[in-house]
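Position 1 is the first residue of the sequence, and the numbers go up from there. If you're wondering where the values come from, they're calculated on a predicted model, not measured in any experiment.
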Amino acid sequence: MDAQTPTVTVPDCVDISMWQTYSVKKGQVLPMPTEQPLRYVATAPTQKWEDGRLAVMKAV
């Protein structure tokens with residue numbers, strides 16, 4: 001954290017297991033495809049600014 005603009009990458013998990021896709025035409029919830037992953041790894045590059053705030057630069 002001694003760099004000019006200190007940075008860190010924060011790992012996170014996106015869990016879509018409770019998400020639902022709804023068909024307006026059919027008026028019902030559609031099942032998830034069986035090959036659909038339900039969890040994804042997301043990373044968030046973060047910088048510590050001079051005023052002490054942490055800023056997420058862009059989630060990937």
Side-chain angles (χ1 to χ4, degrees):
M1 300 301 280
D2 294 329
Q4 179 75 21
T5 304
T7 60
V8 65
T9 300
V10 179
D12 196 5
C13 177
V14 178
D15 182 347
I16 66 168
S17 62
M18 300 299 287
W19 289 16
Q20 295 181 332
T21 302
Y22 186 79
S23 171
V24 175
K25 286 184 178 181
K26 295 180 179 180
Q28 64 186 22
V29 173
L30 302 175
M32 285 279 215
T34 56
E35 67 278 356
Q36 174 71 48
L38 299 179
R39 292 183 179 87
Y40 296 86
V41 175
T43 57
T46 308
Q47 291 182 346
K48 182 177 180 185
W49 291 356
E50 289 181 15
D51 63 3
R53 292 183 294 161
L54 293 177
V56 175
M57 304 313 294
K58 177 182 174 186
V60 180

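Heavy-atom contacts from other residues, nucleotides or ligands closer than 6.0 Å to CD of Q28 number more than 12.
The hydrophobic clustering, which links ILVMFWY residues whose side-chain heavy atoms are closer than 4.5 Å, places V29 and V24 together. Hydrophobic clustering, with ILVMFWY side chains joined whenever heavy atoms are under 4.5 angstrom apart, keeps W19 apart from Y22.
Here the shortest heavy-atom pairing between P37 and I16 reads O-CD1, 3.5 Å. When every heavy atom of V10 is checked against every heavy atom of T46, the shortest pair comes out as CG2-OG1, 3.7 Å.
In this structure, CG on D15 lies 4.5 Å from CZ on R39, to the nearest 0.5 angstrom. For the atom pair CG of L30 and CD of Q20, the computed distance is 10.0 Å after rounding to the nearest 0.5 Å.
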